[in-house]
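The figures here come from the full heavy-atom set of this structure, side chains too, leaving out hydrogens, waters and symmetry mates.
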Amino acid sequence: LLLLLFAQIFRGVAFGNIFEGLNFDANGWHGSLLGLLNPYGLVTGVLFVLLFLEHGALWLSVKTSGGVAERSKAIAGSVWYALLAVAVIFLAYTNFATHLYDNYRNQPLWLIAPLLAVAALLAVKLFARAGKYFSAFLSSCLTIISVVATGVIGLFPNMIPSSVDSAFNLTVYNSSSTTYTLQIMTVVALIFVPIVIAYQLWIYRIFREDMGGAVIYGQGESDVGPAG
């Protein structure tokens, strides 16, 4: 569990540093791993942890019953307030620590992405309060997608900006593969992405039923007796 927690934190830290810009130039990266644990990176890491903790708790609320479901609902309810607070801090901090908002100032139409993220996050609470946890879970899905879209739109055309000089930014143009490679990968994607989607739909169909209270043992809580 701790490994999963740290993995999610460092994933968020990685994205936070990309949003902020890395200390690199034509001679390479001049930072340190410890330097990546800066305040903005850590705020982004905490945001990622809370975002997916809320998402997982909502999923368990939908797929389980009994005590497990009740605890999951309680966790989702508590985590949401922390997530909202950190999201507000993240949005405010982003204005000072990054250039993500430049694209939105130049093209206000793209504000639909962050506004959709905020609306979806509020919808999570409204649906959960009404007992509609599947709708809350779908709203959480939309929140995650919108948050990712907000970051991608803010970065474009950059993939990894440089904090040294924008001349060293890695963009979708100077970092792309050759035309022939892109053509090959397009064909590969057209073949295998539908297969992956079909597999995910099949897995969801298999596990579509309520998993009960004791998910690990595949039986309801009332059926689990003492060992021995």
Side-chain angles (χ1 to χ4, degrees), residues 2-55 82-118 120-121 141-182 184-186 188-189:
L2 286 177
L3 288 176
L4 291 175
L5 177 64
F6 282 117
Q8 202 59 253
I9 288 177
F10 287 121
R11 182 180 300 173
V13 167
F15 274 98
N17 279 274
I18 290 174
F19 294 157
E20 194 172 17
L22 295 177
N23 184 19
F24 71 91
D25 54 24
N27 297 316
W29 180 48
H30 303 291
S32 65
L33 291 178
L34 189 60
L36 296 178
L37 301 177
N38 55 72
Y40 182 76
L42 291 174
V43 168
T44 311
V46 173
L47 177 68
F48 270 54
V49 169
L50 294 175
L51 194 63
F52 287 100
L53 181 59
E54 176 75 11
H55 193 62
L83 174 57
L84 179 64
V86 173
V88 171
I89 294 172
F90 171 79
L91 290 173
Y93 202 169
T94 296
N95 186 51
F96 301 101
T98 77
H99 295 286
L100 286 186
Y101 291 159
D102 290 352
N103 282 347
Y104 295 101
R105 295 187 183 99
N106 295 330
Q107 298 289 338
L109 181 63
W110 290 117
L111 284 170
I112 188 173
L115 291 176
L116 187 59
V118 172
L121 181 59
C141 292
L142 183 57
T143 302
I144 294 172
I145 293 171
S146 301
V147 167
V148 172
T150 297
V152 171
I153 293 171
L155 281 174
F156 186 85
N158 298 315
M159 297 177 65
I160 304 180
S162 169
S163 61
V164 177
D165 192 309
S166 60
F168 301 116
N169 289 355
L170 298 180
T171 71
V172 295
Y173 304 113
N174 64 24
S175 302
S176 65
S177 299
T178 64
T179 301
Y180 183 64
T181 300
L182 293 174
I184 292 176
M185 292 310 300
T186 299
V188 171

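Every residue two or more places apart in sequence or in another chain that forms a ring-ring contact (aromatic ring centres under 6.0 Å, His included) with Phe15 is listed here: Phe48. Judged as a ring-ring contact (aromatic ring centres under 6.0 Å, His included), and not counting sequence neighbours, Phe24 has no contacts. With sequence neighbours excluded, the residues that form a side-chain contact (heavy atoms from CB on, under 4.5 Å) with Leu84 are Trp80, Leu121. In terms of the side-chain contact (heavy atoms from CB on, under 4.5 Å) criterion, residue partners of Ser146 (sequence neighbours excluded) are, by chain and number, Leu116, Ala117, Leu142. Considering only residues two or more places apart in sequence or on other chains, His99 meets the ring-ring contact (aromatic ring centres under 6.0 Å, His included) condition with none of them.
For the residue pair Cys141 and His55, the shortest heavy atom distance occurs at SG-CE1, 3.4 Å. In terms of heavy-atom proximity, Ser163 sits nearest to Gly21 at CB-O, 3.9 Å. Nearest heavy-atom pair, Ser162 versus Asn169, reported as atom, atom and distance to 0.1 Å: N-OD1, 2.6 Å. Considering every non-hydrogen atom in both Leu91 and Tyr101, the closest pair reads O-OH, 2.6 Å. Nearest approach of Ile153 to Ala113, heavy atoms of both residues: CD1-CB, 3.8 Å.
Although no hydrogens or angles enter the test, the distance criterion places a donor-acceptor pair under 3.5 Å between the side chain of Asn38 and the main chain of Leu36. Between the Asn174 side chain and the Leu170 main chain, no donor and acceptor come within less than 3.5 Å of each other. Between the side chain of Asp25 and the backbone N or O of Asn27, at least one donor-acceptor pair lies under 3.5 Å. Judged purely by atom type and a 3.5 angstrom limit, Asn17 has no side-chain atom pairing as donor or acceptor with the backbone of Gly41. Between the side chain of Tyr104 and the backbone N or O of Thr150 there is at least one donor-acceptor pair closer than 3.5 Å.
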Problem set entry | CA sep, side-chain torsions, deciding dist, call: Leu42, Val13, side-chain contact (heavy atoms from CB on, under 4.5 Å) | CA-CA 6 Å; Leu42 291 174; Val13 167; 4.2 Å; yes
Problem set entry | Criterion side-chain contact (heavy atoms from CB on, under 4.5 Å) on Met159 and Thr171, from CA distance to verdict | CA-CA 5 Å; Met159 297 177 65; Thr171 71; 5.7 Å; no
For this session: Kindly determine whether Phe19 and Thr94 satisfy side-chain contact (heavy atoms from CB on, under 4.5 Å), including the steps that lead there.
Result: CA-CA 8 Å; Phe19 294 157; Thr94 296; over 6 Å; no
For this session: Using the side-chain contact (heavy atoms from CB on, under 4.5 Å) rule, take Ile144 and Leu51 through it: C-alpha gap first, then chi angles, then the decisive distance, then the call.
Result: CA-CA 7 Å; Ile144 294 172; Leu51 194 63; 3.9 Å; yes
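Identified under the ring pair (Phe, Tyr, Trp, His ring centres under 6.0 Å) test for residues 156-178, with sequence neighbours left out: none.
Classified by interplanar angle (parallel below 30°, tilted 30° to 60°, perpendicular above 60°), the ring pair Tyr40/Phe90 is parallel.
Two residues are said to be in side-chain contact when any heavy atoms from C-beta on lie closer than 4.5 Å; Leu83 and Leu47 meet this criterion. Asn23 is listed as a side-chain neighbour of Val164, based on a closest heavy-atom distance under 4.5 Å. Taking 4.5 Å as the limit, some side-chain heavy atom of Leu155 sits within range of a side-chain heavy atom of Ile18.
Here the CD1 atom belonging to Ile184 is positioned 11.5 Å from the OG1 atom belonging to Thr179, to the nearest 0.5 angstrom. The distance from the CG atom of Asn103 to the CG atom of Leu111 is 10.5 Å, given to the nearest 0.5 Å.
More than 12 heavy atoms of other residues, nucleotides or ligands lie within 6.0 Å of CG in Leu182, so this atom counts as buried by the packing criterion.
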